[in-house]
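These notes concern the structure reproduced below.
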Amino acid sequence: RNCFTQAEPSSTGAVAVEGVRMIEEAIRSGMRIEAVFFREGAQKLGDKLLPQLGSHTEALLLPDDVFSSAVSTESPQGVAALVRLRSTKFEHLVETAGAELLLMGAAGLQDPGNLGTIIRSAEAFGANAVLLGEKTVSPFNAKVIRASAGSTFREPVIPVKMRETIQALRDRSVRVAATSSHKGIPVSEANLTGPCLILIGNEGVGLSHELLAEADERIVIPHSPRVESLNAGIAASIILYEAARQRKARSGA
């Protein structure tokens, strides 16, 4: 029960997933479903999902009050599951990607909807992984998983010590681009090809001075002065799209 009400994996490394769509995304992504829980009266959901589950998956029927107290959403669909995510070795990922490495780094991001959006866009635009720095919302948060629309099951998401990771990446000639809401190179003019780490910071204060000092360049998204700044998830998505566009143009694809 704790793994449903807390944003942390279970003792076996499984995370809580709620709703038919998310469970089907996990199945489609080849995740191992450790257990699935149905609320009383959710027989139709069982008829739909059980044929898609392997014989190793435990299925449990819970009384309404027990089910409602275990899940985090206020209006649950009547089904939840424990899904074991894949682990990723960062060193192997960097070596495999080589000159095409594209990483998205979140440093101090607090809103789970923003992080889920970034993970979804990272998969959509070909980023090799999303790196999570200190004080960033947990990727196991149920709202993060829902906002990612299933990308959490496929896109590597790796907690790191950001400054140490930047220094290690710089030793591999990886360039670091820091996002800014006010000062920097327009994103369309920035060079986002080659091995690159894009950093986005906290929704309110942005990136710390320490991380900004580590960046090779700062990039901005030009927009109307009537708007103070863009939502962090949207800003990251725009920059990831531009990175994908530049890389596609360079390759001639």
Side-chain angles (χ1 to χ4, degrees), residues 6-9 13 15 85-112 114-123 125-141 144-145 148 151-152 154-181 183-185 187 190-220 232-233 235-237 239-240 242-244 247:
Q6 299 177 12
E8 294 299 333
V15 299
L85 300 181
R86 298 187 183 97
S87 60
T88 301
K89 292 186 177 180
F90 183 55
E91 287 292 325
H92 176 71
L93 182 149
V94 173
E95 291 175 3
T96 302
E100 298 303 315
L101 182 69
L102 176 60
L103 300 169
M104 188 75 217
L109 205 70
Q110 288 295 298
D111 184 85
N114 278 333
L115 181 58
T117 296
I118 290 171
I119 295 170
R120 185 177 185 178
S121 294
E123 182 186 22
F125 298 123
N128 298 97
V130 177
L131 307 184
L132 306 183
E134 297 86 343
K135 299 181 180 179
T136 298
V137 63
S138 170
F140 309 117
N141 184 295
V144 173
I145 294 173
S148 80
S151 290
T152 298
R154 299 177 294 271
E155 179 73 10
V157 179
I158 307 171
V160 298
K161 294 182 178 179
M162 194 61 79
R163 287 190 71 187
E164 292 180 13
T165 300
I166 289 173
Q167 292 164 6
L169 289 172
R170 183 166 282 114
D171 291 340
R172 295 175 176 265
S173 300
V174 177
R175 294 173 58 255
V176 179
T179 59
S180 172
S181 59
K183 182 180 180 181
I185 302 170
V187 63
N191 180 11
L192 299 176
T193 61
C196 181
L197 166 64
I198 300 167
L199 292 175
I200 193 158
N202 176 270
E203 292 88 348
V205 298
L207 290 165
S208 68
H209 294 298
E210 291 79 11
L211 290 181
L212 285 172
E214 297 283 352
D216 296 297
E217 64 182 356
R218 300 185 191 185
I219 53 179
V220 298
S237 300
I239 295 169
L240 284 166
E242 176 62 18
R247 288 160 185 257

Side chain to side chain, [X] and [Y], heavy atoms closer than 4.5 Å:
X: Val137; Y: Asn114; value: no
X: Thr152; Y: Pro139; value: no
X: Ile118; Y: Leu109; value: yes
X: Leu197; Y: Thr165; value: no
X: Arg218; Y: Leu207; value: no
X: Leu93; Y: Leu101; value: yes
X: Leu115; Y: Leu132; value: yes
X: Ile198; Y: Leu102; value: yes

I need the minimum non-hydrogen distance between [X] and [Y], along with the two atoms involved.
X: Ala122; Y: Val130; result: CB-CG2, 3.5 Å
X: Ser237; Y: Gly233; result: OG-O, 2.7 Å
X: Thr136; Y: Ala106; result: OG1-O, 3.1 Å
X: Val220; Y: Ser180; result: CG1-O, 3.2 Å
X: Ala232; Y: Glu203; result: CB-CG, 4.2 Å

[X] (side chain) donor-acceptor with [Y] (main chain) under 3.5 angstrom:
X: Ser151; Y: Glu123; result: no
X: Arg172; Y: Val94; result: no
X: Ser148; Y: Arg120; result: no
X: Arg247; Y: Gly194; result: yes
X: Thr179; Y: Leu199; result: yes

In Å and rounded to the nearest 0.5 Å, what is the [atom1] to [atom2] distance from [X] to [Y]?
X: Met104; Y: Ile200; atom1: CE; atom2: CD1; answer: 5.0 Å
X: Asn202; Y: Asp111; atom1: CG; atom2: CG; answer: 10.0 Å
X: Ser138; Y: Asn141; atom1: OG; atom2: CG; answer: 6.5 Å
X: Leu169; Y: Phe90; atom1: CG; atom2: CZ; answer: 4.5 Å
X: Glu100; Y: Thr193; atom1: CD; atom2: OG1; answer: 9.0 Å

Contacts of type side-chain contact (heavy atoms from CB on, under 4.5 Å), residue Thr96, not counting sequence neighbours: His92
message: Please enumerate all residues that pass side-chain contact (heavy atoms from CB on, under 4.5 Å) together with Arg170, with sequence neighbours excluded.
response: Ile166, Val176, Glu214, Asp216
message: Closer than 4.0 angstrom, basic N to acidic O: yes or no for Glu134 and Arg163?
response: no
field: Check against side-chain contact (heavy atoms from CB on, under 4.5 Å), Asn191 and Arg175
entry: CA-CA 10 Å; Asn191 180 11; Arg175 294 173 58 255; 4.2 Å; yes
- prompt: Counting heavy atoms not belonging to Arg154, are there more than 12 under 6.0 Å from its CZ?
  reply: yes
